[in-house]
Participant: 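Pasting in a structure now, in structure tokens, and then I'll have a few things to ask.
Treat the numbers as computed from the prediction; the structure is a model and nothing was measured. Quick note: residue numbers are just sequence positions, from 1.
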Amino acid sequence: MVDGASIRLDRFLWFARLAKSRSAAQAIAEKGTLRLDGRRIERSSAPVRIGSIIVFPLFGKVLALRVEALPKRRGPPAEAAELYTRLETQAPRNVDAAESEA
């Protein structure tokens with residue numbers, strides 16, 4: 001793809017098989033819990049570029065991804081898995097317990 005190329009957030013989530021349908025991908029984006037490069041996103045038309053970081057809750061866990069490639073189609077799962085790299089997320093630590101021990 002050309003430098004500066006982008007794709008809509010909902011299309012990326014659907015092409016990468018992170019959502020079963022495009023309307024489900026739109027719902028994830030518009031819920032307000034998704035972050036794109038650290039900014040809270042509430043619209044499904046936000047542009048996603050190579051190198052973007054996407055963080056959102058999915059099935060009770062926080063999923064953090066780095067976009068490695070922009071898709072041209074919704075292909076098989078093996079092809080979709082090559083579009084992003086999962087990043088490590090840390091579990092939130094209990095600050096109250098740490099303060100009470102001090």
Participant: Hey, are the side chains of Tyr84 and Val67 touching, using non-hydrogen atoms and a 4.5 Å cut-off?
Facilitator: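 Heavy-atom side-chain distance check fails, nothing below 4.5 Å.
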Participant: With rounding to the nearest 0.5 Å, note down the distance linking CG in Leu83 to CZ in Phe15.
Facilitator: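 With rounding to 0.5 Å, CG (Leu83) is 10.0 Å from CZ (Phe15).
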Participant: Arg73: what forms a salt bridge (charged side-chain N to carboxylate O under 4.0 Å, His left out) with it, not counting sequence neighbours?
Facilitator: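 Listed in chain order: Glu79.
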Participant: Quick one: side-chain hydrogen bond (donor to acceptor under 3.5 Å, both in side chains) partners of Arg86, sequence neighbours excluded?
Facilitator: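 side-chain hydrogen bond (donor to acceptor under 3.5 Å, both in side chains) list for Arg86, sorted by chain: empty.
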Participant: Is the shortest heavy-atom distance from the side chain of Gln26 to the side chain of Arg8 under 4.5 Å?
Facilitator: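 SC-SC contact between Gln26 and Arg8 confirmed.
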Participant: What closest approach, in Å, do Trp14 and Ala25 show between heavy atoms, and which atom pair accounts for it?
Facilitator: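 It is N-CB, 4.2 Å.
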Participant: Scan for salt bridge (charged side-chain N to carboxylate O under 4.0 Å, His left out) pairs involving residues 41-52, sequence neighbours excluded, and state none if there are none.
Facilitator: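 Every salt bridge (charged side-chain N to carboxylate O under 4.0 Å, His left out) pair that includes a residue of residues 41-52, provided the two are not neighbours, is Arg40-Glu42.
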Participant: Hey, are the side chains of Ser52 and Arg66 touching, using non-hydrogen atoms and a 4.5 Å cut-off?
Facilitator: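 When only atoms from C-beta onward are counted, Arg66 and Ser52 do not touch, as no gap falls below 4.5 Å.
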Participant: Could you walk me through whether Ile54 and Ile41 pass the side-chain contact (heavy atoms from CB on, under 4.5 Å) check?
Facilitator: CA-CA 10 Å; Ile54 303 172; Ile41 300 296; over 6 Å; no
Participant: Flag the pair Ile53 / Leu87 as yes when at least one side-chain heavy-atom distance between them is below 4.5 Å, and no otherwise.
Facilitator: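 When only atoms from C-beta onward are counted, Leu87 and Ile53 do touch, with a gap below 4.5 Å.
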Participant: Looking only at non-hydrogen atoms, find the nearest pair between Asp37 and Gly51 and report the distance.
Facilitator: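 The answer is OD1-O, 4.4 Å.
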Participant: Mind checking whether Leu63 and Val55 sit in one hydrophobic cluster, side chains of I, L, V, M, F, W, Y counted as touching below 4.5 Å?
Facilitator: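 Leu63 and Val55: separate clusters.
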Participant: Contact between Phe56 and Ile28 at the side-chain level, heavy atoms closer than 4.5 Å - yes or no?
Facilitator: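 Yes; the side chains approach each other to less than 4.5 Å.
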Participant: Going by side-chain hydrogen bond (donor to acceptor under 3.5 Å, both in side chains), name the residues that satisfy it together with Thr33, two or more places apart in sequence or in a different chain.
Facilitator: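 Counting only residues at least two positions away or on another chain, Thr33 forms no side-chain hydrogen bond (donor to acceptor under 3.5 Å, both in side chains).
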Participant: Holding to side chain to side chain contact (heavy atoms under 4.5 Å, CB included), I want the full list of residues that pass it with Ala24, two or more places apart in sequence or in another chain.
Facilitator: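 Side chain to side chain contact (heavy atoms under 4.5 Å, CB included) check on Ala24 returns Ala19, Ser21.
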Participant: Listing request: all salt bridge (charged side-chain N to carboxylate O under 4.0 Å, His left out) pairs with a residue in residues 17-36, at least two apart in sequence or in separate chains.
Facilitator: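 Every pair satisfying salt bridge (charged side-chain N to carboxylate O under 4.0 Å, His left out) with a residue in residues 17-36: Asp10-Arg22.
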Participant: Could you walk me through whether Leu65 and Leu18 pass the side-chain contact (heavy atoms from CB on, under 4.5 Å) test, one step at a time?
Facilitator: CA-CA 11 Å; Leu65 312 170; Leu18 297 167; 3.3 Å; yes
Participant: At their closest point, which heavy atom of Ala29 faces which heavy atom of Ser44, and how far apart are they?
Facilitator: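 Shortest heavy-atom separation between Ala29 and Ser44 comes out as CB-CA, 3.7 Å.
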Participant: Indicate the atoms forming the closest heavy-atom contact of Pro71 with Ile7, along with that distance.
Facilitator: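 Shortest heavy-atom separation between Pro71 and Ile7 comes out as CG-CD1, 3.9 Å.
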